[in-house]
Q: 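Shown below is the structure under consideration.
Only a predicted model underlies this, so the values are computations on that prediction, with no experimental measurement involved. Letters go in sequence order (proteins before strands), and every chain restarts at 1. Side chains included, hydrogens not; waters and symmetry mates left out as well; all remaining heavy atoms used.
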Amino acid sequence: MSAVKEAFQKARAEGRRAVIPYLTAGYPSPERFLDYARVLAEEADLFEVGLPFSDPLGDGPVIQRASEAALRQGVRTKKVLELVGKLAERTDVPLLLMTYLNPVLAYGKERFFKDFAAAGIKGVILPDLPPDEDPGVAEAAREAGLATVFLLAPTSTDRRIGVVTGYTTGFVYAVSVTGVTGARDRLPEEIGALVRRVKAKTELPVAIGFGISGEETARQAAAAGADGVVVGSALIRAIEAGADPRRVLQAVRKGATL
Amino acid sequence: MEGFRFLDFPVPDERGRFGPYGGRYVPETLIPALEELEAAFEEARRDPEFLAVYRQYLKDYAGRPTPLYFAERLSEELGGARVYLKREDLAHTGAHKINNTLGQALLARRMGKKRVIAETGAGQHGVSVATVAAMFGLEAVIYMGEEDVRRQALNVFRMELLGAKVVPVASGTKTLKDATNEAIRDWVTNVRTTSYILGSVVGPHPYPRMVRDFQSVIGQEIRASLLEKEGRAVPDAIIACVGGGSNAIGAFAPFAYEEPRPRLIGVEAAGEGLDTGHHAASIAAGKRGVLHGSYMYLLQDGDGQIAPAHSVSAGLDYPGVGPEHSYLADIGAVEYAAVTDEEALEGFKLLARTEGIIPALESAHAVAYAAKMVPTMGRDEIVVINISGRGDKDVAEVKRILGEGR
């Protein structure tokens, strides 16, 4: 079984939905990213690292700002490989890579996935790739030994759920809202319906992301039947404000505990 | 001429591919909306009632057909082929953009959407969307880069006068590329109630095809007018500027896939020069990649980060070029050239001086290339320059630039 699926099982055995923090690699600086990531990984079941892209059209203002700040400091593919390698040495939590398709294509998809797998990445998330649009990408990721994670949304039809889960080997990333990434006070009620529709089609774990901001939203996600919760913007917002992102993650973890 | 028809072109295929280009690289949230839009467009283009209504608005509202004008003084001055101007500058709102916005607004109405959104660079597409939204009673929100808001204050006011809300975009390079990101983010968020009226032949399928089909009225009219004036439907060459590429595709598409094919020349913006890195010539100097939902030629660095584009003309200031242009370049059906800011300014002045027509800075790129090519051609040959828009919007900027050089 893949490290990614195992992490969901382990969390479940410990009475918890998998807790999956996200940070943009190189934000607020390469060194401080590593410090934050190491600390947050202690509270996490999986950890998502973002490779910043100049045009992150699936992201809200918080992650946009973090991406721009990282890019301004020259954080590009090679630097992210280096940061991932360092992070992997310091944590046993499985690492996931989130990025947009163009940096993958520019590097060469086979080499990209191979190099990131060698650096310690276990799974990959590409928010602007509907998997059937270029089946060679998911194939190259799998051949490099990476679990594939794709997004589904409240607007997804049952047909799309079937197509997308067919390419997924890691978990289903269920987007809680029609919208971009960003912390919200509440999740929409319809998220439960999406989780049910996905679970009717697949045995894969389902993690809810977008809008998770703390204990209450994490509890809502758990109540909606999610196997995991992803939190990103709320952590970065805490870092921006000079607050401790660990507090946010601990609250999420509490809400995600059964 | 009987009027616009939906023509059947050999590309794209059912998956929206022009050879390897195009496709639908967007967040999954939008896939059902794109499928719905594609189905609605397919149905509309087969519906005689939709065609009749669209033709009526093209004629009575947009003022089509636009003239194909024989530019006698310009032809004399250049001393080669006979030059005709396709006068898209005379269409309502002063550019070809209205051909597409009327079509897409009719489609939005047909789909029951009451809110429309759009991206704009110089503001021409934004004004055009605000215009049709006012006419059809739709709510319009226009995303525009902060930098462009500053450079094109008059167009911002025009849009607001027309009842649209203009949202300045402060992310990234603060220009068209970022305005497009923001419009896509709005659409992801409000997809159930909102139609996205994209302004060029870029974006996810079915946009490149749909915008091409609506804009192909330009080439269809060139054919009909030329037949009437010269007794032949096909000129020797057609020249058009290319940013995203909608006016060029509109002029080229009815000629590109059949014989005899005229020389088709797309003119990109070389900005301060192709070797300076400050340009917007995606075909001449870009590499293939994915931006805004489509696989196409792009300006990017070695890590796949999108590189900022530069052109004196805000409408060409875009780091990508439509998937159909990418394909036409590869198969050699269209030649792509590039002219600098400086050459475009000369073209701008040339047309004003010889014909009393002030072209948009975008269109001035096509004029500038014609000024190089026409003198090498025979006197019995015919060249059509697509004057995609009028230059009133650019007069202040040109005054500023020429003033600095003095």
Q: So which of B:Leu30, B:Asp303, B:Thr180 has the largest heavy-atom pair count under 4.5 angstrom toward chain A?
A: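 When all of B:Leu30, B:Asp303, B:Thr180 are compared, B:Asp303 has the most.
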
Q: Taking non-hydrogen atoms and a cut-off under 4.5 angstrom, which of residues 182-198 of chain B neighbour chain A?
A: B:Glu182, B:Ile184, B:Arg185, B:Val188, B:Thr189, B:Val191, B:Arg192

Q: What residues of residues 153-176 of chain A make heavy-atom contacts with chain B at a cutoff under 4.5 angstrom?
A: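 Counting heavy atoms that sit under 4.5 Å from chain B, the residues of residues 153-176 of chain A involved are A:Ala153, A:Pro154, A:Thr155, A:Ser156, A:Thr157, A:Arg159, A:Arg160, A:Val164.
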
Q: Kindly say whether A:Ser54 contributes a backbone atom to a donor-acceptor pair with the side chain of B:Gln305 at under 3.5 angstrom?
A: yes

Q: Indicate the atoms forming the closest heavy-atom contact of A:Pro130 with B:Tyr25, along with that distance.
A: CD-CA, 4.1 Å

Q: Using 0.5 Å steps for rounding, measure from the CG atom of A:Asp134 to the CZ atom of B:Arg24.
A: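 A:Asp134 CG to B:Arg24 CZ: 15.0 Å, rounded to 0.5 Å.
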
Q: Between chain B and each of A:Val177, A:Asp132, A:Leu152, count heavy-atom pairs under 4.5 Å; write down the option with the most.
A: A:Asp132

Q: Is it the case that more than 12 heavy atoms not belonging to B:Lys287 sit under 6.0 Å from its NZ atom?
A: yes

Q: Does any heavy atom of chain B fall under 4.5 Å from the side chain of A:Gln64, the backbone, both, or neither of them?
A: side chain

Q: With heavy-atom distances below 4.5 Å as the criterion, would you say the side chains of A:Asp55 and B:Asp178 are in contact?
A: yes

Q: Could you please state which residues from residues 99-118 of chain A sit under 4.5 angstrom from chain B, measuring non-hydrogen atom to non-hydrogen atom, sorted by number, or 'none'?
A: A:Leu101, A:Asn102, A:Pro103, A:Leu105, A:Ala106

Q: Give, as side chain, backbone, both or neither, the part of B:Pro32 having an atom under 4.5 angstrom from any heavy atom of chain A.
A: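 Looking at B:Pro32, just its side chain touches chain A.
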
Q: Please state whether the side chain, the backbone, both or neither of A:Pro127 comes within less than 4.5 Å of a heavy atom of chain B.
A: backbone

Q: When only heavy atoms count and the cut-off is under 4.5 Å, which of residues 72-85 of chain A reach chain B?
A: A:Arg76, A:Thr77

Q: Find out whether A:Phe150 and B:Glu28 are in side-chain contact, i.e. whether some heavy atom of one side chain is under 4.5 Å from a heavy atom of the other.
A: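 They are not in side-chain contact.
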
Q: Against chain B, label A:Leu51 side chain, backbone, both or neither, depending on which of its atoms sit under 4.5 Å from a heavy atom there.
A: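 Just its side chain gets close to chain B.
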
Q: Taking side chain as everything from C-beta outward and backbone as N, CA, C, O, which of these in A:Pro56 sits under 4.5 Å from a heavy atom of chain B? Side chain, backbone, both or neither.
A: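 Both backbone and side chain.
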
Q: Given heavy-atom pairs under 4.5 angstrom as the criterion, report whether the side chain, backbone, both or neither of A:Leu71 touches chain B.
A: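 It is the side chain, since no backbone atom gets that close.
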
Q: What is the distance from atom OG of B:Ser171 to atom CG of A:Asp59, rounded to the nearest 0.5 Å?
A: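 If I round to the nearest 0.5 Å, the distance is 11.5 Å.
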
